[in-house]
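Worksheet: the structure to be examined is printed underneath.
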Amino acid sequence: MTTPAISVQNVSKRYGETLVLRDINLEIPRGEVTCLIGPSGSGKSTLLRCMAFLEETTSGSILIEGEPLGFIEKDGKRRAQSPSELRATRSKVGMVFQQFNLWPHMTALGNVSAALRRVRKMPRKEAEERAMAQLTKVGLEDRAGHYPSQLSGGQQQRVAIARALALDPTIMLFDEPTSALDPELTGEVLNVMRALADEGMTMVAVTHEIGFAASVGNTVCFLDQGKLLFHDTPEKVFAAPRHPRLEQFLDTYLDRGASMLK
Amino acid sequence: MTIFVSSISILLGLGFAILLSAMRMSGNLVLINFARVFISFFRGVPLLVQLLLIFNLLPALGLSLSSLATALIGLSLCTAAYQAENLRGGFEGVPPGLIESAEMAGFSPTQTFLHIRTPIALRMTFPALVNEAILILKASSLVSVVGLIELTKMAQNLAASTYMPLPIFASAGLIYLAINLVVAAIGRRAEVALPGLPAK
Ligand SMILES: Nc1ncnc2c1ncn2[C@@H]1O[C@H](COP(=O)(O)OP(=O)(O)O)[C@@H](O)[C@H]1O
Ligand SMILES: [Mg+2]
């Protein structure tokens, strides 16, 4: 048995008095697409951000390819990873945000090549060639010189995906990558994600695109009030009779998706 | 001389203001308080008094500096304090998501500060920066107290020797106005040309 891409072990997260994640256990297998669904406020973003160490867990641990994220265990004692140790573990993980988070003062090419130059210390020419290859992959080679403000939301999100991919992550995390997009632009982003899944990239996606979860996901996880209620293949999760909370969620939050499945 | 002293001071001041901002965000209490005291001092004491202080203090410490150096130090430290205060708003306006994406890309905090936060903060506070340049140009008329001959001092000398103060000071005023109109125009041009402010 190979080590999973990510192991989430007994993870809880508390903001002040509120318990946002309750004792989550989950293994993300390599080369598979795991979709996180659940009502708004159920803790999906928090769980995903913990997998990138953008949030620290209150208790429990997260392992990236078997390696602890954010801490090091030695002789039964835990200590925090140093910034450079953390960067090394985290370099396996790429993150795509709902709001794209492109750097507005850099062109598309600048956004994708910046870390190659500054972090990987590649010469400018080589970094830009690699960045260009990533932009081509997401179909934006002719937009390389555009600034984010000159791109549509869908194009910005594809640049953001190219930026993450340029660093050769083995795992890609997506937090509602199409939620900030006009409906007619979600398709181009989902297509890029679908192509990435076909290449065998390990992916964890928080999404309200039930169609995507059902057709591309290998596993669908349902979060509700900080608890991982269940996770299984999309066929089993979406097959009737559905869990009452899922049924309710599909009805209230996702009119479109729910009617499609009925 | 006026243009020279002002533009060098603005640039030196900007560099120093960025350094002050870095100190203020460093999380190190000593640096934070140093920046805080520095900024309140240079914003709270009149520039004329600062210049006279520096002019008299440095020789007392055994440092003899030219009038030009003294004027540059005085003006740039003063403008640094104001620019640091302007930049604060810019730095606070950088959306946290942009810093998180830099973190995910493997940038160290210093790299994030240099390559992400500072350029964005500068763009957001650019109009205030142009404003400060204009104020410094006008304030440069004070550096004659440390013995530097700039536009105003030259006008005073001329007026004294020709007994024609009115036309001479009027011309000096027009020259200041003309320079500042040019600065403001360049500023507006640059503002339009600068790419990429973060979306609201
Ligand atoms: N930084 C924070 N401080 C306090 N509460 C937070 C913070 N971030 C998220 N929360 C709370 O945690 C809960 C889960 O949030 P989130 O993970 O964003 O949910 P989801 O992504 O499923 O909509 C929400 O109730 C939210 O209000
Ligand atoms: Mg969310």
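Since this is a predicted model, take the numbers as computed values, not measurements. Naming: A, B, ... by sequence-line order, numbering from 1 per chain.
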Less than 4.5 Å apart, side chain to side chain, heavy atoms only: is that true for A/Leu167 and B/Met104? no
Considering only heavy atoms and a distance below 4.5 Å, find which of A/Met106, A/Gln150, A/Arg49 pairs most often with chain B.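 It is A/Arg49.
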Among B/Ala105, B/Ser108, B/Pro109, who wins on heavy-atom pairs under 4.5 Å with chain A?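 Highest number of heavy-atom pairs under 4.5 Å: B/Ala105.
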Atom [atom1] of [X] with >12 non-hydrogen neighbours under 6.0 angstrom:
| X | atom1 | answer |
| --- | --- | --- |
| A/Arg79 | CZ | yes |
| B/Leu61 | CG | yes |
| B/Ile3 | CD1 | no |

Ordered numerically, the heavy-atom neighbours of chain B under 4.5 Å found in residues 91-102 of chain A are A/Val93, A/Met95, A/Phe97, A/Asn101, A/Leu102
When only heavy atoms count and the cut-off is under 4.5 Å, which of residues 110-129 of chain A reach chain B? A/Ala114, A/Ala115, A/Arg118, A/Val119, A/Lys121
Measuring heavy-atom distances to chain A, does B/Gln111 have an atom under 4.5 Å in its side chain, in its backbone, in both, or in neither?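 Side chain of B/Gln111 only, per the 4.5 Å heavy-atom cut-off to chain A.
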